[in-house]
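Read through the structure below, which is laid out as structure tokens, and then see the notes.
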6 protein chains.
Amino acid sequence: MLSIPTLAHPLLLDPLLAGWLQEDWGRGDRTSEALFDEDGPPARGNILLKEPGLVAGLPLLPRLFRLIDSQVECVSVVAEGSPCASRTVIATLYGPVRSLLMGERVALNLLQRLSGVATHTHRYVERLEGYKARLADTRKTTPGLRLLEKYAVRVGGGVNHRFGLDDAVMIKDNHLLAGGGIAATVARARARVPFPTPIEVETESLQQVEEAVACGVDIIMLDNMPPDQMEQAVRLIAGRAIVEASGNITLDTLESVASTGVDYISTSATITRATWLDISLDLQGLNQP
Amino acid sequence: MLSIPTLAHPLLLDPLLAGWLQEDWGRGDRTSEALFDEDGPPARGNILLKEPGLVAGLPLLPRLFRLIDSQVECVSVVAEGSPCASRTVIATLYGPVRSLLMGERVALNLLQRLSGVATHTHRYVERLEGYKARLADTRKTTPGLRLLEKYAVRVGGGVNHRFGLDDAVMIKDNHLLAGGGIAATVARARARVPFPTPIEVETESLQQVEEAVACGVDIIMLDNMPPDQMEQAVRLIAGRAIVEASGNITLDTLESVASTGVDYISTSATITRATWLDISLDLQGLNQP
Amino acid sequence: MLSIPTLAHPLLLDPLLAGWLQEDWGRGDRTSEALFDEDGPPARGNILLKEPGLVAGLPLLPRLFRLIDSQVECVSVVAEGSPCASRTVIATLYGPVRSLLMGERVALNLLQRLSGVATHTHRYVERLEGYKARLADTRKTTPGLRLLEKYAVRVGGGVNHRFGLDDAVMIKDNHLLAGGGIAATVARARARVPFPTPIEVETESLQQVEEAVACGVDIIMLDNMPPDQMEQAVRLIAGRAIVEASGNITLDTLESVASTGVDYISTSATITRATWLDISLDLQGLNQP
Amino acid sequence: MLSIPTLAHPLLLDPLLAGWLQEDWGRGDRTSEALFDEDGPPARGNILLKEPGLVAGLPLLPRLFRLIDSQVECVSVVAEGSPCASRTVIATLYGPVRSLLMGERVALNLLQRLSGVATHTHRYVERLEGYKARLADTRKTTPGLRLLEKYAVRVGGGVNHRFGLDDAVMIKDNHLLAGGGIAATVARARARVPFPTPIEVETESLQQVEEAVACGVDIIMLDNMPPDQMEQAVRLIAGRAIVEASGNITLDTLESVASTGVDYISTSATITRATWLDISLDLQGLNQP
Amino acid sequence: MLSIPTLAHPLLLDPLLAGWLQEDWGRGDRTSEALFDEDGPPARGNILLKEPGLVAGLPLLPRLFRLIDSQVECVSVVAEGSPCASRTVIATLYGPVRSLLMGERVALNLLQRLSGVATHTHRYVERLEGYKARLADTRKTTPGLRLLEKYAVRVGGGVNHRFGLDDAVMIKDNHLLAGGGIAATVARARARVPFPTPIEVETESLQQVEEAVACGVDIIMLDNMPPDQMEQAVRLIAGRAIVEASGNITLDTLESVASTGVDYISTSATITRATWLDISLDLQGLNQP
Amino acid sequence: MLSIPTLAHPLLLDPLLAGWLQEDWGRGDRTSEALFDEDGPPARGNILLKEPGLVAGLPLLPRLFRLIDSQVECVSVVAEGSPCASRTVIATLYGPVRSLLMGERVALNLLQRLSGVATHTHRYVERLEGYKARLADTRKTTPGLRLLEKYAVRVGGGVNHRFGLDDAVMIKDNHLLAGGGIAATVARARARVPFPTPIEVETESLQQVEEAVACGVDIIMLDNMPPDQMEQAVRLIAGRAIVEASGNITLDTLESVASTGVDYISTSATITRATWLDISLDLQGLNQP
């Protein structure tokens, strides 16, 4: 089994977290700042999962609250990525009530969204048990949240495809419009990108698959092919490239695609069709550590 | 009917758009930069809706592509917020193919997410036709996307609640932990915030409603009350405050809540339960203006 | 009496403080960096008030010096907002002499400006003793310093009006140029802003006051009305809206305005007519390690 | 006569202007955005001076409004730095009413503050007519506004001293605490700073003046000396260094200081004792170009 | 032959260019701003190469000067990457003299450094003519200048290796310290990175080469091997991975390494041993378009 | 002897360091993040100099690694600026292996570049032993690295000239194109810049030197003059201005220039002709503190 992935380094992630707090605060938390002092009183809070699912985002809590108040302590009660029943306390917070309230909404919004993605991803991953194929994501992610949504996909058992346009050359039909066919297009790209850059070609026919194999590309995507054609393509490629199936994959069609022998099945659905898990913060009264 | 709202000023929105492009580009679009020159060839692209729904986000297109290449022309084919059938071309793009490809993914991710929110919001709004109650959103929004998700709620026919913690005082049960009851808490808050700041109190019983009315608060939220209790609360308040119903509102319970006479019904579901609409960009070949 | 307000959270305030230090440093403190090492020698400094007044800004000292050197200790000798005689030591600093000198000018500039505003505000507030009316500020603040100048107004006993254009709808004569009168304008605004947003209308005649009351606006500003007309307006409004008097308020006219029964009197003079209090830093010699 | 100085390059100034607009807007101009479309209707606005004084900041208008809306035209009616009577129209604006309203407050705040500084500076400068001495400013400026307040001093006829701690070595009594006297301190500083850096020493006695001359420093500040001692100092220095008088300079003492023959008289009063000039924007109705 | 690569998109490059101008300007170009008006007079400038070499960086000129003044016209006289004799005019500038002077130093510093890198790279590339091996760079680049120094390597005929730590997995001896040998280390890495990520292993013996081949890695680096061992390694790998030679490559040893049949030879010397080409700007007098 | 200069304050330097790490990391260190946990295991690393030279940049190590991981300890083994033999361990690092690897490349790139500059500078400085003349740098520095390259010049024994265009007025032949000769140009500049700003004039003939002396400028640059003409110029100036020699200074001509009696000799060669010193990081195995 895969171990749970680590978060990005604070130099990369903290500016995002700070921006999300500022989005929520505007000029400040008018209510809490009016009612509570900066240094007290302390409160204990339980973060409560209110529907069953996989929890994702717990390591974000100490990251987020450290930006608000170094006095806040965050303790994860369950393991990141573990499937939990409804009404599970998944983490506890302890610190000045004002600081807890100032981080509450952003913390929950992140946990709810990421747990939703991990939970939905896991539904797909479960179906692939026993197959070679691994479930991959796409670049269809919420603008600004790619780092974390792709993290949630991994928590749910999936693997990541490209994080951005610089992670690999990906030649789609639009790129072939430039003329010259797959061979010329791949050659031109290869000559101009950093040499370790992997090259993937999207194919829609066996002929294109053959052309792509002939070019020695690293990854061949079979786009929207019926399963039997996919199977032919996998045989044709014969291990000379990584094979990725893509295009309108659903929970129902997943196994038939997996059985064709492809290496990866990519879908945006784990992110675009995920809804939020219901999670809330219950404060346990003040001054009662 | 409400006219469609305008987007935020470029000084506020452009840094977000630029950040989302940078998230997608990393060090650049290795593929398009290798295959196409900066200034050509031009291509025409159709943005195609692939499932029925309300379209939201079209005014973002010229905003986004202006950051990429001032030569790109964006034309909306349908009106923002209009319900469209599947296979509708909702906008067209024309410009250097490389620029279109560099903006494609971010543009579609925004359109798909926002149209999903607008479409889901509209389902709720339709149910409220004929009632006084208006549908409102919450602060449960995707971190970084609050400005646009709340915009999409308006496109779908809803109205916005607070954009952030500074838009109103909102006194919840956690704030009452500070002691002194509603009256003392409201008084303390009122004395410390800018004087026009509206004050809202979350109530869970008729007694709390009475206390809130007595304090002269601006908005009273009825939290998770059964419809008959809500109705009593509305009669008790008698126009002396705006009344907001909240808590586990579903499409099925919406009308029973509306019939109690509340002014606003707030729910996070229009955002947290919305999935993305399927939208794609089809390039129409090069050099054919 | 109001307790002294807290400063903005470091996530909001520190970028301003850092920017002000960079403005003063440019490429560095050529003198102190040439003469003293980073870690010593330590010095003690007294911050000395050199003319009588209300002191504002003391809580900024530890905030500012923490950005320069975590070794510097700042101790307030008098309470924020307390009226002090000339030659009062209001705070002491202790730490590496180089760090004290690098923060001296920005620290003093802030203390001098904010104490000047608090002192001038207090002159107005004193005149209102015994009246219901509270003194409010405006958006006429030094660009970049609004957060702190409005804080100083509160230290001086005033209350804050809008911090920015998003804190309330404010309909002035210029907005009425759009046509349709107060009723249509208010209706259009109300339909398009977040629903808790307070709505204020500026009125110049009793007829406008009546129109505003009829629209149910939250705040009615009486702009430049003579006291007897104000009194009529207050009677006409009869508690159905908050009443704010504005326009060329001076220390001399303040009480006649207050005696009309308005809720708030707003003036920019507490900021635009405030001069700086004279405050200096006296280093007490080095501890000569 | 000095020609009027130019503003800082947009790369340096625009980030400040944008930050000031964002401070005023927060999440947007709720009122104008609700009432007016982005592109219309157009309005004409007169910027009206309402008390006599020197106008400063007019070249900021096109800089500021270009950040808001490239359609806005700004025309200066009077020359920057010219003394104007009350009720003078000093500039006109023409463009979409929404854009004018979104920039109004920041534009006026800048004009009012800068004109206040220029006007107050001019009072000092007039007294120096016929003397060699030039009036200089200090680093006592409003945090964040140094660039523009020092600009306003020049508009008022003064000259600028250091913009920041890197513009010159300035050895004050605190620096002498390091031990070794003026000679050793100057030598140590000179050896460690970029070689063109000018060196100024603050002196409080004729003996210190002699020491400073002996070190070959560039500028000698006579701090709080009585006029006859200043005169002796000027004779002693005999052109071997620039001579600056400083310390509690007032309009009344200015000429007696100038008559000692010093080259510069520096005072913070032109900035710290300046109040704002009263200036407003009058919109002239819509659709009437 | 390779066509010359394009520069990064302005969204990625302009912030760097602006930062470099600000580094050079500080608070402004005191001299030019004092002597010349913003809009004139215009001057013509020749950018003159003063020693023979390959010119790199010409496309940066319009990018840089557009940030300073949109009136400046930049015309390249020679092609990017072309070898030029001493005293060649490589580009001309035309525009307000003040704007030319404000950009002169940064423009020349960039051209001189990049041309130095391209020229030095070309010396290596020439030696590889007739061999399969291509010359690659490393991550030993001047901090902040990687984008452009790697661009200059391409202009000089080289190819780029990784732009950063995210472009490929690179397993070096330090990573093997974690234990488990090459196979376990590669497996662990592969399971945790985005699936298209290429994997490179650094090897110091034929045994390590065999292990790496067995793992199916994408690239095998032969680190500091003698040529005959390299040749054995190439035969052993037999096309199953890209082969990169590295470690103390000099102009003298280059051909012996190339003759071993490796695919890429990587060296930091093209950047770390490159000195600047001598290039200057000659202004041709004012007012003479 | 000069003591070693201190680095810039973290408020000025840390944003540069953070930017350089981000340049190297992109989306993260795929390899180390996949193989090692954030908190371990710890490793010890020796930073090894591999060719003789002056070491510069050691104080940057704790600054840089503090941004990565506060657990990393950096110890300098040799003194900053000390000449070291090949194979000298110049510093040691101890901390989590992942953190060491994430900072390795940026740390070494800085040390290698700065030590190269210090070493090359020292070659020039040694030649000036016994002469009054000091070696100065220019503004020909790598964009983005000026602060540190000029620091390295000081470590190597040189002194700094202007850090930017705001540090002094420098009137070159291009500025004289404005007409009016040296006297008018100097007068115009002096009237418009902060009064302490030093004024330097570049001269190419004895007549220009005379004009410059007559204007009372602070520094006179003798540009590309033959040694005997320089000697005449020095005599002519007779201590009334600082004298700087410049223009095509080489190691071979340095002493003949110094013997003319000039105060400073400025050259860009210490930076533009410096190559990197070879320095590497050797990890000493894990878990062995």
Side-chain angles (χ1 to χ4, degrees), chain B residues 1-6 8-9 11-12 133-139 146-147 150-151 153-155 157-170 187-201 216-221 239-244 262-266, chain C residues 1-6 8-9 11-12 133-139 146-147 150-151 153-155 157-170 187-201 216-221 239-244 262-266:
Chain B
M1 193 203 116
L2 268 187
S3 60
I4 290 305
T6 53
H9 189 276
L11 269 183
L12 304 178
R134 300 288 312 274
L135 189 82
D137 54 23
T138 72
R139 281 170 44 246
R146 184 167 291 169
L147 197 72
K150 280 183 170 268
Y151 166 85
V153 164
R154 278 177 285 153
V155 172
V159 297
N160 296 142
H161 205 308
R162 294 194 296 175
F163 269 69
L165 290 166
D166 57 338
D167 266 352
V169 165
M170 167 84 85
R188 180 171 167 85
R190 185 174 279 143
R192 290 172 144 241
V193 299
F195 84 79
T197 314
I199 297 187
E200 174 164 4
V201 172
V217 302
D218 302 283
I219 308 165
I220 295 174
M221 184 207 285
R240 290 173 291 171
I242 294 171
V243 187
E244 172 189 348
V262 298
D263 300 299
Y264 293 94
I265 302 174
S266 63
Chain C
M1 193 202 117
L2 267 189
S3 58
I4 291 304
T6 53
H9 189 277
L11 270 183
L12 304 178
R134 301 288 311 275
L135 189 82
D137 54 22
T138 71
R139 280 169 45 246
R146 184 168 291 168
L147 198 72
K150 280 183 170 267
Y151 166 85
V153 164
R154 277 176 286 152
V155 172
V159 296
N160 296 142
H161 206 309
R162 293 195 297 174
F163 269 69
L165 290 165
D166 56 338
D167 266 352
V169 165
M170 167 85 84
R188 179 171 167 85
R190 185 174 278 144
R192 289 173 144 239
V193 299
F195 83 81
T197 314
I199 297 187
E200 175 164 4
V201 172
V217 302
D218 302 284
I219 308 165
I220 296 175
M221 184 208 283
R240 288 173 293 171
I242 294 171
V243 187
E244 172 189 349
V262 298
D263 301 298
Y264 294 92
I265 302 175
S266 62

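Each chain gets a letter, A, B and so on, in the order the sequences are listed, and its residues count up from 1. Predicted, not measured: the structure shown is a model, and the values here were computed from it. Computed over heavy atoms, backbone and side chain alike; hydrogens, waters and symmetry mates excluded.
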Side chain, backbone, both or neither of B/Phe195 within contact of chain C (heavy atoms, under 4.5 Å):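 Its backbone and side chain both get close to chain C.
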Atom pair CG/CZ of B/Asn160 and C/Arg192 - distance to nearest 0.5 Å: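 The CG atom of B/Asn160 sits 12.0 Å away from the CZ atom of C/Arg192.
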Pairwise distance CG(C/Leu12) to CG(B/Asp166) - rounded to 0.5 angstrom: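 Between C/Leu12 CG and B/Asp166 CG, I get 9.5 Å after rounding to 0.5 Å.
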Qualifying residue, where the test is side chain to side chain contact (heavy atoms under 4.5 Å, CB included) with B/Pro196 and the options are C/Ile199, C/Ile242, C/Val169, C/Ile219: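 Between B/Pro196 and the candidates, side chain to side chain contact (heavy atoms under 4.5 Å, CB included) is satisfied uniquely by C/Ile219.
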